[in-house]
2 protein chains.
Amino acid sequence: MDTPFRKIGSDKLLSGKIEESIELAIRRRDYKAGEKLPTEGQLCDLFGVSRTVVREALRKLSARGLVVIKQGSGAYVNELSSESAIDSINLFLELTDDGSLIFDIIRARQLFEPEIAGLAALNRTVAELEELAENLEALKASPPEDIDGQTIIDIRFHSLIASATHNNVVALLMRPIFDNMPKVKRSIYAKNNLGYLTHDISKVLKFHEEIFEAIKKADPREASHAMLAHLKATEKNFKDSLE
Amino acid sequence: MDTPFRKIGSDKLLSGKIEESIELAIRRRDYKAGEKLPTEGQLCDLFGVSRTVVREALRKLSARGLVVIKQGSGAYVNELSSESAIDSINLFLELTDDGSLIFDIIRARQLFEPEIAGLAALNRTVAELEELAENLEALKASPPEDIDGQTIIDIRFHSLIASATHNNVVALLMRPIFDNMPKVKRSIYAKNNLGYLTHDISKVLKFHEEIFEAIKKADPREASHAMLAHLKATEKNFKDSLE
DNA sequence: AAATTGCGATTTGTCATACAACATTACCTT
DNA sequence: AAGGTAATGTTGTATGACAAATCGCAATTT
């Protein structure tokens, strides 16, 4: 039953208020990345609370990746990496997976990656082409039985293309998808394990090379088509493994 | 001086180890959503550490959205909502924005949303069509000067379509993009404020209706095209505001 | 019997103090 | 001046105490 009365000072916990306060200061750039925050003692004085409260506030901020705490030294504003944000997403996907995650990942890649490859074909620099070429060589050189290693190289190939769009939002949002590729791979090889291996790295390599050539030629349509073909093949591989 | 050897048991801090341990238990589903964790006192005994440490571990977990702590009651495994994960992403985007965020958002939408609309056209249910229809009515009924209100309805329209793909990954990853739409809107109206308003809700409505009709007809190609036209118009609107 | 109230026990929130572990600085020795 | 060492500062952990919120159960009221 709802009453007309609602909570007022939402965050009644002191550690919560102080967390907010420090977070705000960081968002306002009062403290920039790498800078040292006041010591626990100073924060106690500033806020007029006990060290317990300050420490718990700092702990929460560190858990969210906003600050790093170094024993004996102090608390510093984190050079914000995307890792903690990505981790949050991945944790959520893992915990809410009702079994559809793998298929959703496969489908999402088909939706997004062709377009990404197309944009990358337009925006890529020569340095990025170089990195892609190196990646192809690495895949060629990898031992045929080292599936995990190949997966890492595979992920990097697709990540490089996402980065080559020069769109930070795109590159960031694709990360959770790429992070889940090993799970997809594992699910494929878990089914037909040891016996007959459908895995054929030369096929993957061929697709990668086609995509690379299209991006090199700055041909978005062809890049997009090549990417879609690649992902369709991956999906077929996955579906075949379900029997 | 760095040695080539690094710590193995990475988290040397007790609170970190205990955080990990509890997190693992949650990931393993030893404690399911809504369930109550042992009390602080019990955890102290279990791990053989002080309450300080246990409390800081719980605080970190709560900051990451894995548990909720209720004073006088206990710590419970959180009904995991996507909010904290999304917040992390949004915070990261905000803090690392070098000025390109708004443009990246606009571009990312053009990459992703046409495909999404296409998939939604194939997978939408009648209930979802109903919700979209209601949303169109809401937009029609909104006061012309209530731009913030219209933005909320606009966001919901696009969110509904993303959900109608029935792909959790897609719906989740689009959230940070939608959350930033108000920022884009504000940047448009900040430029030509008060004077001549380029804002014309009837245009938006027309696009939305086209998209809706295509999705209703289960025509992915048309849905995709309509969505792209909509987003191109939005981009033009944005670019016009830059002069 | 059902609902409400009140009280005690449990649990989390905050404070204070003390000491350990680590980092930084200043000083001293060479 | 260079290098090592002690002093100092800062974070990590432990303990004890009490406040504040919640919960469970019995007593009371209706």
Side-chain angles (χ1 to χ4, degrees), chain A residues 1-3 5-22 25-26 31 34-79, chain B residues 1-3 5-22 25-26 31 34-79:
Chain A
M1 182 62 100
D2 265 40
T3 80
F5 303 110
R6 296 243 128 272
K7 290 270 188 344
I8 354 181
S10 53
D11 237 332
K12 20 189 198 176
L13 261 54
L14 288 180
S15 59
K17 289 189 202 167
I18 290 171
E19 178 194 8
E20 255 184 44
S21 180
I22 298 177
I26 295 176
Y31 294 95
E35 273 185 61
K36 186 171 183 288
L37 292 175
T39 66
E40 292 180 358
Q42 291 168 330
L43 289 172
C44 291
D45 295 341
L46 284 172
F47 292 109
V49 297
S50 75
R51 218 183 131 203
T52 311
V53 171
V54 167
R55 283 185 59 78
E56 292 185 357
L58 289 175
R59 274 283 170 311
K60 293 215 265 182
L61 290 169
S62 88
R64 297 170 51 202
L66 273 120
V67 308
V68 237
I69 305 174
K70 294 180 186 170
Q71 180 171 358
S73 177
Y76 301 82
V77 178
N78 199 357
E79 299 287 349
Chain B
M1 186 58 103
D2 267 38
T3 79
F5 304 109
R6 294 247 130 268
K7 292 278 190 326
I8 331 185
S10 52
D11 247 327
K12 27 187 197 175
L13 262 53
L14 288 180
S15 59
K17 288 190 203 169
I18 290 170
E19 178 193 7
E20 255 184 44
S21 181
I22 297 176
I26 295 176
Y31 294 96
E35 272 186 60
K36 187 171 182 289
L37 293 175
T39 67
E40 292 180 357
Q42 291 169 330
L43 289 171
C44 291
D45 294 340
L46 284 171
F47 292 109
V49 297
S50 74
R51 214 182 135 204
T52 311
V53 171
V54 167
R55 283 185 58 79
E56 291 184 358
L58 288 175
R59 276 271 133 41
K60 293 214 267 182
L61 290 169
S62 88
R64 296 170 50 203
L66 273 124
V67 308
V68 248
I69 306 175
K70 294 179 187 170
Q71 179 171 357
S73 177
Y76 301 81
V77 177
N78 199 358
E79 297 290 347

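Just so we're on the same page: letters track the sequence lines, and every chain starts at 1.
Between the P atom of C:dT12 and the CG atom of B:Leu58 lies a distance of 8 Å, rounded to the nearest Å. Taking atom CG on B:Leu14 and atom C1' on D:dG12, their separation rounds to 8 Å, with Å as the unit. We find that NZ of B:Lys70 is positioned 13 Å from C1' of C:dT11, with the value rounded to whole Å. In this structure, A:Glu56 atom CD and C:dC15 atom P are separated by 10 Å, rounded to whole Å. B:Ile69 has its CD1 atom 14 Å from the C1' atom of D:dA21, to the nearest Å. Distance CD1 (B:Ile18) to P (D:dA14): 8 Å, rounded to an integer number of Å. Rounded to an integer number of Å, the gap from CZ of B:Arg59 to P of D:dT13 is 16 Å.
Summary of the strand contacts: A:Gln71 and A:Ser15 both lie near DNA chain C, and taking for each the nucleotide with the nearest heavy atom, the more 5' one is attributed to A:Ser15.
Screening A:Leu14, A:Leu43, A:Ile22 for a side-chain contact (heavy atoms from CB on, under 4.5 Å) with A:Val54, the sole residue that qualifies is A:Leu43.
Among the atoms of the strands shown, base atoms are found under 4.0 Å from some heavy atom of A:Thr52.
Listed by first and then second residue, the salt bridge (charged side-chain N to carboxylate O under 4.0 Å, His left out) pairs involving residues 66-78 of chain B amount to none (not counting sequence neighbours).
Looking at B:Lys60 and A:Glu56, their side chains never come closer than 4.5 Å, going by heavy atoms from C-beta outward. A heavy-atom distance below 4.5 Å is found between the side chains of B:Leu13 and A:Arg59. When side chains are defined from C-beta on, B:Leu58 counts as touching B:Leu37, because their heavy atoms get closer than 4.5 Å.
Proximity of a side-chain donor or acceptor of B:Asn78 to a complementary backbone N or O of B:Val68 within less than 3.5 Å is not detected.
Contacts between residues 39-51 of chain B and DNA chain C, defined by a heavy-atom separation below 4.0 Å, involve B:Thr39, B:Glu40, B:Arg51, listed by number.
For C:dT12, the OP1/OP2 oxygens have no side-chain nitrogen or oxygen of B:Arg55 closer than 4.0 Å.
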